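Quick one: the structure is below, questions incoming.
By convention in this document, chain letters (A, B, ...) are assigned in the order of the sequence lines, proteins followed by strands, and residues within each chain are numbered from 1. Worth saying up front: this structure is predicted, and the values here are computed from it rather than measured.
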Amino acid sequence: MKKSSGRSSSVLWKDIKKNAACYGMLAPFMILFLIFTVVPVVMSLPIGFTDFDMVNKPRFVGFSNYRALFFSDKIFLRSIRTTMIFAFFTGPLSYILCFLLAWLINELPPFFRTLFTLIFYIPSFAGVYTVWQLIFSGDMNGYLNSFLMDTGIITSPIQWLTDGRYVLWVTIAVQLWISLGAGFLALRAGFQNIDRSQYEAAAIEGLNSRWQELVYITIPSMKPQLLFAAVMQIVSSFTAGTVAQNLVGLPSTDYQADTMMSHAYDYGWLRYEMGYASAICMIIFLMMFICNKIIGRLLSADDL
Amino acid sequence: MAHRLKASNRPAGRKYAGTVGIFLFLTVLGIFMAFPIYLTVVTSVKPVEELFIFPPKLYTLRPTTDNFSDMFAALRENRVPFSRYVFNSVFITVSVTVLQCVSVSMAAFVLAKCQFPGSKAINALIVTALLYQSNVIYIMQYIVLSRLHLINDPAALILPSVASPMGLFLMRQSMLRMPDSVIDAAKVDGAGLFRICRQIVIPNQKPALMTLMIFAFGSAWNIQSGSLIFDEQYKTLPTAVMQAASSGMARAGIAMAAAVFLLIPPVIVFIFAQRYVIETMAHSGIKE
């Protein structure tokens, strides 16, 4: 037993030495990644089992945060539902939109490719919530109300940002608007990297319509980017919360647009109950992890 | 004809009607998407009295730079000259972008194309890190930075942003599609891993690299000093501009002016990077 483990460890050592160049190239990234991402993540894992107000030392409380979440926090249970609705509408829809737009843009001449990519991408990093408040403003001065009243669709202004019936849908619309970010650009890059000779060969074989090209050449060669976009979509739709906070406030009317992430924000940064907030984040993480595994299965990727 | 074929990656005989249809569809959607941005720009040049006209106008009668000059006036009240904030932000943005593109490209290459002890575990670790979003991380990052004596040091804004798991995942996914035969051929010719990465893989991965650059630039440009920096002279431009936009005479116009002002550099970098990718990639593509 001892002998065999000794031999296998020496084989491992040889394997490591043989790949020294790999480790050397990995080192700059890994050192910074370990110090500034892995260490903080590992340090934060146990916080969900403590009572931590950021001033005093964390105090171990076992599962009581989790018990409180599932058995007495009605707003949290409600936020799970909101998050699910939110993720269901923004996730798949925005994923399809990312792919469809990236594909259609790629069919255009170069100048228009840059123009349209820019137009669709700007919202994701512009951070212009003020303008959406002007658009959805509840008085007659709001752009949407004014437009709808001019055209006679409604007769009195709608309180888009405070009426419990609308806040979630307004948030979903704005979230969709900003959702053509990382996944979209990665897919655009993927389209640009496809080997052109494949299309030429296909044309000779008689494959001619855009549709056939998409199904037989483009999608199979874009699998890695499709996977990337899917993961980014899961992350952004499950951790959404900033749009709602900036647009309809926290808490929103009747907690209609409060997602799990905004609930965590509420407890963490407004009430300084970091232990509780941390437990919420852990549940979000587990949900995303499961969702990720399912997507990985669907796209038959073995490393998710 | 042969030239057009290559440049537009579309087989011969494709009808133009389809392209026109696509163009029209994207234009309609594009107008809808661009509307809030357009409105932001228009509001930033609207004089105050026009903000309350009913019905609200989609254009301005008398464009003015008042909002911008008010924002700059508020910025001038700081103890540190405006150019100092610009320098801080440019320095941080360029450092993060360069360091991130270099370290991420190298790491992504070995993780995508080499099998070595631990490579699978590292790949899994990176995807997991991408999924783990918790508001406690910032506190822990602060603790780590203070242990390293980096609080109030510009490095505190640079180093944590360099090793981006998202950037690595993006580059690795893109490199997976590179044919192994090309890399093996270079190995047979005696090229080291670093040389293969720099001379063969990276030139082929320009679209992904430019995408990474756009992300890195965009997020680094928006870095706010927060609680990591307390010396005014090390604060970043977004921190100062946001302060100016919300201080004293807070009104929609100034917030819009600030947003428009901060949006300009990322947009320029984006256009430059996209044009570059489209032009260089139209005629290349490694064949197996």
Flag the one option from A:Ala182, A:Pro28, A:Gly181, A:Gly48 with the top tally of heavy-atom pairs under 4.5 Å to chain B.
A:Ala182
Output the distance between atom CG (B:Leu148) and atom CD1 (A:Ile35), rounded to the nearest 0.5 Å.
6.5 Å
Interface moiety of A:Met222 toward chain B, non-hydrogen atoms closer than 4.5 Å
neither
Please evaluate residues A:Leu134 and B:Met256 with respect to the criterion side-chain contact (heavy atoms from CB on, under 4.5 Å), reporting the C-alpha separation (whole Å), side-chain torsions for both, the decisive distance (0.1 Å), and the verdict.
CA-CA 11 Å; A:Leu134 291 184; B:Met256 303 283 186; 3.6 Å; yes
Taking side chain as everything from C-beta outward and backbone as N, CA, C, O, which of these in A:Phe125 sits under 4.5 Å from a heavy atom of chain B? Side chain, backbone, both or neither.
both
If I measure from the heavy atoms of chain B, does A:Ser278 come under 4.5 Å with its side chain, its backbone, both, or neither?
both
Assess whether side-chain contact (heavy atoms from CB on, under 4.5 Å) is satisfied between B:Arg275 and A:Phe111, documenting all intermediate values.
CA-CA 8 Å; B:Arg275 291 301 294 173; A:Phe111 171 77; 4.1 Å; yes
Between A:Leu101, A:Ile119, A:Val235, A:Leu104, which shows the greatest number of heavy-atom pairs under 4.5 Å with chain B?
A:Leu104
So which of B:Leu99, B:Val162, B:Ile158 actually passes side chain to side chain contact (heavy atoms under 4.5 Å, CB included) with A:Leu32?
B:Val162
Quick one: what part of B:Thr27 sits under 4.5 Å from any heavy atom of chain A, side chain, backbone, both or neither?
both
Measuring heavy-atom distances to chain A, does B:Ser219 have an atom under 4.5 Å in its side chain, in its backbone, in both, or in neither?
neither
Do A:Ile194 and B:Arg177 come close enough that some side-chain heavy atom pair is under 4.5 Å?
no
Would you say the side chain of A:Leu185 lies within less than 4.5 Å of the side chain of B:Phe270, judging by non-hydrogen atoms?
yes
Any chance you could measure A:Asn292, atom CG, to B:Leu130, atom CG, to the nearest 0.5 Å?
8.5 Å
Among B:Pro117, B:Ala107, B:Ala208, B:Ser105, who wins on heavy-atom pairs under 4.5 Å with chain A?
B:Pro117
Select one option (side chain, backbone, both, neither) describing which atoms of B:Thr43 are under 4.5 Å from chain A's heavy atoms.
side chain
Just how far is it from atom CD of B:Gln115 to atom CG of A:Asp15, taken to the nearest 0.5 Å?
10.0 Å
Heavy-atom distance under 4.5 Å to chain B: side chain of A:Tyr23, backbone, both or neither?
side chain
Checking heavy atoms, do the side chain of B:Ile126, its backbone, both or neither come under 4.5 Å from chain A?
both
Could you tell me which portion of A:Ile47 (side chain, backbone, both or neither) has an atom closer than 4.5 angstrom to a non-hydrogen atom of chain B?
side chain
As an exercise: rank A:Leu34, A:Ile135, A:Val42, A:Ile280 by heavy-atom pairs under 4.5 Å with chain B and give me the winner.
A:Ile135
Atom CD of B:Gln274 and atom CZ of A:Arg113: how far apart are they, to the nearest 0.5 Å?
10.0 Å
Heavy-atom check, side chain of B:Val136 versus side chain of A:Cys281, under 4.5 Å:
no
B:Phe35 versus chain A, heavy atoms under 4.5 Å apart: side chain, backbone, both or neither?
side chain
Are B:Ile214 and A:Tyr121 side-chain neighbours, meaning at least one heavy-atom pair lies under 4.5 Å?
yes
Under 4.5 Å from any heavy atom of chain A, what part of B:Leu212 do you find: side chain, backbone, both or neither?
neither
Does B:Leu168 reach the side chain of A:Phe33, with side-chain heavy atoms less than 4.5 Å apart?
no
Got B:Met140 and A:Val39 here, is their nearest side-chain heavy-atom distance under 4.5 Å?
no
Max heavy-atom pair count under 4.5 Å with chain B, selected residue of A:Phe112, A:Phe120, A:Trp132, A:Tyr265
A:Phe120
Heavy-atom proximity to chain B below 4.5 Å, by part of A:Ser124:
neither
Counting only non-hydrogen atoms closer than 4.5 Å, does A:Phe228 touch chain B with its backbone (N, CA, C, O), its side chain (CB onward), both, or neither?
both
To the nearest 0.5 Å, what is the distance between CG on B:Asn204 and CG on A:Asn193?
5.5 Å
When the 4.5 angstrom heavy-atom criterion is applied to A:Met149 and chain B, the contacting part is neither
Could you please spell out the steps behind the side-chain contact (heavy atoms from CB on, under 4.5 Å) verdict for A:Val131 and B:Ile37?
CA-CA 8 Å; A:Val131 77; B:Ile37 300 289; over 6 Å; no
Say whether, by atom type as modelled, one donor and one acceptor occur between the side chain of B:Gln141 and the main chain of A:Phe36 under 3.5 angstrom.
yes
For the residue pair A:Leu45 and B:Tyr132, establish whether any side-chain heavy-atom pair is separated by less than 4.5 Å.
yes
The side chain to side chain contact (heavy atoms under 4.5 Å, CB included) partner of B:Leu125 among A:Val38, A:Val41, A:Thr37 is A:Val38
Which atoms of A:Leu180 are under 4.5 Å from chain B, going by heavy atoms: the side chain, the backbone, both sets, or neither?
side chain
Can you check side-chain contact (heavy atoms from CB on, under 4.5 Å) on A:Met54 and B:Ile139, steps first, answer last?
CA-CA 8 Å; A:Met54 295 204 278; B:Ile139 303 172; 3.2 Å; yes
Is it the backbone or the side chain of B:Met175 that comes under 4.5 Å from a heavy atom of chain A, or both, or neither?
neither
Pick from B:Cys114, B:Pro36, B:Ser103: which one has the most heavy-atom pairs with chain A under 4.5 Å?
B:Pro36
Just give me the residue among A:Asp150, A:Ile234, A:Ile284, A:Thr117 that pairs up with chain B most often, heavy atom to heavy atom, under 4.5 Å.
A:Thr117
Separation between CE of A:Met30 and CD1 of B:Ile122, rounded to the nearest 0.5 Å:
4.5 Å
Is any side-chain heavy atom of A:Phe285 less than 4.5 Å from a side-chain heavy atom of B:Leu131?
yes
Would you find more than 12 non-hydrogen atoms of other residues, nucleotides or ligands less than 6.0 Å from B:Tyr138 atom OH?
no
